[in-house]
Structure formats: structure tokens, C-alpha cells
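Down below is the structure, laid out as C-alpha cells.
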Amino acid sequence: MRHIAIVGSGPAGYYTAEAAVKKWGDDVRVDIFDRLPVPYGLIRTGVAPDHQSIKGVSRRYEKVALSDNVRFVGNVAVGSDVSVEELQDLYDAVVFATGAPNDRSLDLPGDHLANVFGSAAFVGWYNGHPQFAQLDPDLSGKHAVVIGMGNVALDVARILSKERCEFDGSDIVRHALEALCASNIHTITILGRRGPHQIMMTPKELGELMHLNKASPRVETVDLPPVDDDAILEPGLRKSVTLLRDFAAIPESIHGEKPITIDFDFFASPTALHGNDGKVREVEVERTRVEAGRAIGTGETYRIRADLVVSCIGYRSSPIEGVPFDERAGRFANDGGRILPGLYCVGWARRGPSGTIGTNRPDGYSVVDLVDEDLVGGSPKRGRSGFDELAAARQIDVVTFRDWQKIEEAEEAAAREGAPREKFTDVASMIAARGG
Ligand code: NAP
């Protein structure tokens, strides 16, 4: 028998559990811990609420969760309710699938001003993450600036642009839906410190900007390189750049028909945020030029009006005491997923915040291969029975997968018409919903 503890119930955690069951069948017991009483990590609180087809992958994780050898152990914080050393005493392998839940800091003068948020917080707000549900961004100003040119920046710009009916069928939480529908934002500037050939946005997500009821994307033709230069790009990026060219060709009359403009501001590196009365009002940027793929400051600066700033510049993992951490990269120090004997990491906790949900699948399978290499002979560990004793002695209120199913039923029952669910946004309500 092998006893595996996976810390984190997002995609990386569930793919690892799936791989463990495939490899060892009845000879493994997997416990998947989560600090929240609800599973699926970024699928629930990261993937945009209007991207329900992506969220559908949770059905695959549910199948894994329901297999006899896998348990969900929710509402348990590893590092405080139970230490890593304790898990190591109980399990043959502890795999961190904790993702990268913290915003990379802008680290600019003025980044403390009110109404400046990182994307983890802002996305967590509209997705009902208990940590950020109370964020209460002020959307009464006219101008929003979104920093970064990746898919998260696109999610944020799109969500800020939609009208109520465009959220039909989504699971955006009520407080965000009401705030967004009352929003006064008219311009959304997406800031990129490099050029069109260096965007991280993928074509499907970029293309969605063409189909918004209230907003149109605007690209300045002068920012685009000669068309022939696109030939060297890999096909996905080439498609994205072609879409930018389509945006540049949108006639002014169309922009005039829609109240919101999404402006792409390339070659613009933020250098400071300015405000008054403690609230952000402007972003100062330095014009750049790109040399050998790098942004070089030109010394020319200008200011952009900004009543709301959301920086979408990447994420960092949370360190856990006693586990080696690579501060510079913002993830666990590891060699292909191995941190120390018996300690592993997978997904964003291993490689940093890149790739799609599916990228975590091979990650999960390869970390299970590593565990297999390292585990020789039978296990003397106690696994889940040992954890259950410890949890009972500490009176930890463990939330099981069956409990989660009751929470899920309650969320589905509370859904607006046409919506898949109305999420609970605080831990106490989640726990109450599982009943007695
Ligand atoms: P990302 O793709 O790495 O993009 C980050 C952006 O921030 C880049 O444009 C980067 O510019 C910029 N940036 C970084 N530091 C900056 C700074 N100090 N000042 C200004 N700009 C800065 O990250 P992400 O958008 O957070 O996405 C994370 C991962 O999740 C990606 O793999 C993404 O594809 C995935 N995701 C996918 C979907 C989807 O498929 N629908 C949705 C959301 C997220 P430089 O390139 O110049 O560094």
C-alpha cells in the first residue's frame, strides 16, 4: 500500500490523484487536502465565470474524487491545522499542488493607493473566493487600466465590459454582477510593456473582444509591425496578431456605436501610480521600444487616466514553513517536481503560473512517476487512519466530498435562472450548507 497526500484540490491536484489511481490501482490511498471546504481551486475561483465550458473539466475530477481510493479532505489548512512534518510522518509522499494564489507585486510608487488591485484579488472578487469576496472595487469612475497582456488581462477587461445579459449562463457571483451592471467605466486601457509580437494572449480569448455588446477593441495601426514580419511567429501567436490587425481595422463609426472602448496601449511600461485623497487617478508610463525581445525605456513618459487599476502580471506560490522555496521564481525549489525525499510539487507550484488547465495533466502523471521511483518496498506509514485520529484529537472540522456534494446542491438550488449555481462566498455559509 502507498499513502499519498496531495495538498491542493485544483487541476494539478486532481490530475495527480488520477495518475496515482491509474498507476497503483487498489494499492494506493490518496487524500486531497484543501484549506477551503470546496474543491477544484482555479476551476472554481480562477477560470472566468463566463467560460463555463472550461469549468466543465471538474466533472472529470469528480469522477476521480468518487473513486474508492481517493478522498477529499476539505477545510484543512496544511501548515496550520496540520504541519508538513506531520503529513510526512503519515504519508509516503506529500505533493504540493497549491498553485500560485498570490499576486506578483507591481512594486511601483503608488501601488498602495485605493482601487489598485492585483488580478488574484480582482478575479477572486468576481468569482466569489472567500478571501476576496469583500473587495468591493469602486467602479464609479470612467477609466480603468489593466496592466499586462496575458489571458488574465483579457478576462478582466472582458468582465469589466459586459452587460447583464452577457452574463446569462455564467456563475458570476451576485455581488459582482450587481456592481458590474452599475459600473460607469467607459475606457479600459490594456497596458503592454512590449509590442504586438510579444503578447501572451491566445486567439480564442482575444477574439471574444470582437463580440461584446457594449465594447469594442481599439489598436493603433502605427503600433503594428509590417504584416510580413508575422510569418516568423508560431501559429497561435500569428493568429492573435492577425486579430490585433482586425481590431486596428475597426472603423471609428463602430467605436462610436459602443459606449466602452478597450484600448491596447503597446510599448508602455508603468512607472508610477498617482492619486488624490488616497485613491488612484493616473498611471504614469514610459514609452519603450523592443530590442531582441526586451523592453527598453526611451525616457519619454506620459500619464493615463485610471480610476481603477488591475495588474495582471502573474502570480506567486505561497511558501510553507520548512519547505524549500525559490523566492526569485515564486515557487517551490524543485528538480522536475522533486523538492526533497518524500516531498514533491506539481502544476503552478512546480513550474510557475503558465500553461493551460490541460498542461497540469502531464505534470501530474510525471510527478507520480517520480514518487514511484522513490518508493521502494512496502509502506510502514499509517496514511488516512493516522490523519483521522489527529483530526479528531484536534477537533478539525473536516469537510468530505459528500459534504461538498451537499454544498454544491445548495449552490445549484440557489442559482439565478439560467445560471449553473450561485456560489457561497464565505466559509461559514459553505459549512452550514452541508447540513448536520
Ligand atoms: P501571463 O500570460 O504570463 O501574462 C502576464 C503579462 O504581464 C505579460 O504580458 C507580461 O509582459 C506582463 N507583465 C509582467 N510583469 C510586468 C510588469 N512589471 N509590468 C508590466 N507588465 C508586466 O500571465 P497571466 O495572464 O496571469 O496568465 C497566467 C496563465 O494562465 C497563462 O498561462 C495564461 O494563458 C493562463 N490563463 C488562461 C486562460 C484561458 O485559457 N482562457 C485564462 C486565464 C489565464 P512581458 O511578457 O513583457 O513580461
Side-chain angles (χ1 to χ4, degrees), residues 10-12 41-43 45-57 99-111 116-124 126-127 145-159 170 189-209 236-237 239-241 244 264-273 283-297 304 306 309-317 328-331 347-349 351-360 363:
L42 268 197
I43 298 295
T45 57
V47 171
D50 56 345
H51 281 171
Q52 287 299 313
S53 59
I54 301 181
K55 287 182 191 260
V57 74
N102 308 305
D103 282 305
R104 272 191 56 215
S105 147
L106 265 179
D107 223 3
L108 292 179
D111 62 6
V116 177
F117 305 108
S119 52
F122 196 77
V123 171
Y126 62 64
N127 266 330
V145 168
V146 176
I147 302 176
M149 288 210 174
N151 281 331
V152 172
L154 279 179
D155 281 347
V156 168
R158 187 182 70 255
I159 294 290
S170 82
T189 305
I190 305 183
L191 277 187
R193 60 184 173 181
R194 298 190 291 158
H197 276 190
Q198 287 82 31
I199 59 171
M200 303 294 283
M201 299 162 164
T202 47
K204 182 177 158 291
E205 285 65 28
L206 197 54
E208 288 178 71
L209 297 192
L237 182 55
K239 266 194 197 159
S240 291
V241 174
L244 295 178
F264 283 74
D265 200 349
F266 295 104
F267 308 107
S269 181
T271 51
L273 310 181
V283 178
E284 184 176 306
V285 299
E286 180 178 12
R287 209 16 105 223
T288 64
R289 61 174 191 278
V290 173
E291 279 177 19
R294 288 172 52 102
I296 313 284
I304 302 165
V309 174
V310 185
S311 78
C312 308
I313 62 167
Y315 301 106
R316 293 171 62 82
S317 298
R328 201 189 49 80
R331 52 175 153 73
W348 282 10
R351 60 174 206 276
S354 66
T356 62
I357 308 274
T359 316
N360 296 299
D363 247 35

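Atoms within each ligand, like the ligands themselves, are counted from 1 in listed order.
Protein heavy atom closest to atom 2 (O) of ligand 1, with residue, atom name and distance, is M200 CB, 3.4 Å. In terms of protein heavy-atom proximity, atom 12 (C) of ligand 1 is nearest to G148 CA, 3.9 Å. Annotation: atom 30 (O) of ligand 1 to nearest protein heavy atom, W348 CZ2, 3.5 Å. Among protein heavy atoms, atom 43 (C) of ligand 1 sits closest to D155 OD2, 3.4 Å. For atom 41 (N) of ligand 1, the nearest protein heavy atom (residue, atom name, distance) is E205 OE2, 3.0 Å.
The heavy atom nearest to atom 31 (C) of ligand 1, out of those in G355, G118, S269, G150, is found in G355. Nearest-heavy-atom check against atom 44 (C) of ligand 1 across I313, V152, V285 picks out V152. Across I199, N151, I357, heavy-atom proximity to atom 38 (C) of ligand 1 is greatest for N151.
Note that the CD1 atom of I147 and the CZ atom of R193 stand 10.5 Å from one another [nearest 0.5 Å].
Checked against I199 for a side chain to side chain contact (heavy atoms under 4.5 Å, CB included), the options L206, N151, L154 give a single hit: L206. With V145 as the partner, the side chain to side chain contact (heavy atoms under 4.5 Å, CB included) test is satisfied by one option alone out of V310, I190, I304: I304.
Looking at R194 next to ligand 1, an N or O pair under 3.5 Å apart turns up. Any N or O atom pair closer than 3.5 Å counts here, and I147 shares no such pair with ligand 1. Residue R193 has at least one N or O atom closer than 3.5 Å to an N or O atom of ligand 1.
Residue contact check for ligand 1: T356 places no non-hydrogen atom closer than 4.0 Å to it. Put simply, part of P353 is less than 4.0 Å from ligand 1, judged by heavy atoms. Residue-ligand proximity: R104 is placed with a non-hydrogen atom under 4.0 Å from ligand 1.
Taking every heavy atom of C312 and a limit of under 4.0 angstrom, the matching atoms of ligand 1 come to 5 (C), 6 (C), 7 (O). Atoms of ligand 1 lying under 4.0 Å from at least one heavy atom of S354, given by number and element, are 32 (O). Close contacts of ligand 1 with Y315, meaning ligand atoms under 4.0 Å from a residue heavy atom, involve 26 (O). Short contacts between ligand 1 and M149, defined as distances under 4.0 Å to a heavy atom of the residue, involve ligand atoms 6 (C), 8 (C), 9 (O).
Counting protein heavy atoms under 4.0 angstrom from atom 10 (C) of ligand 1 gives zero. The nearest protein heavy atom to atom 18 (N) of ligand 1 is closer than 4.0 Å.
When every heavy atom of N127 is checked against every heavy atom of T45, the shortest pair comes out as ND2-O, 3.1 Å.
Here the side chains of F267 and P196 are in contact, with some heavy-atom distance below 4.5 Å. Counting heavy atoms from C-beta outward, V146 and F122 have side chains that stay 4.5 Å or more apart.
In this structure a side-chain-to-backbone donor-acceptor pair under 3.5 Å is present from R104 to I313. D111 places no side-chain N or O within donor-acceptor distance of the main-chain N or O of L273, the cut-off being under 3.5 Å. One N or O on the side chain of D363 and one on the backbone of G347 form a donor-acceptor pair closer than 3.5 Å. Put simply, the side chain of R194 gets close to the backbone of G293: a donor and an acceptor are under 3.5 Å apart.
With sequence neighbours excluded, no residue satisfies side chain to side chain donor-acceptor pair (under 3.5 Å) with Q198.
Between the side chains of T189 and D265, no donor-acceptor pair of N or O atoms lies under 3.5 Å.
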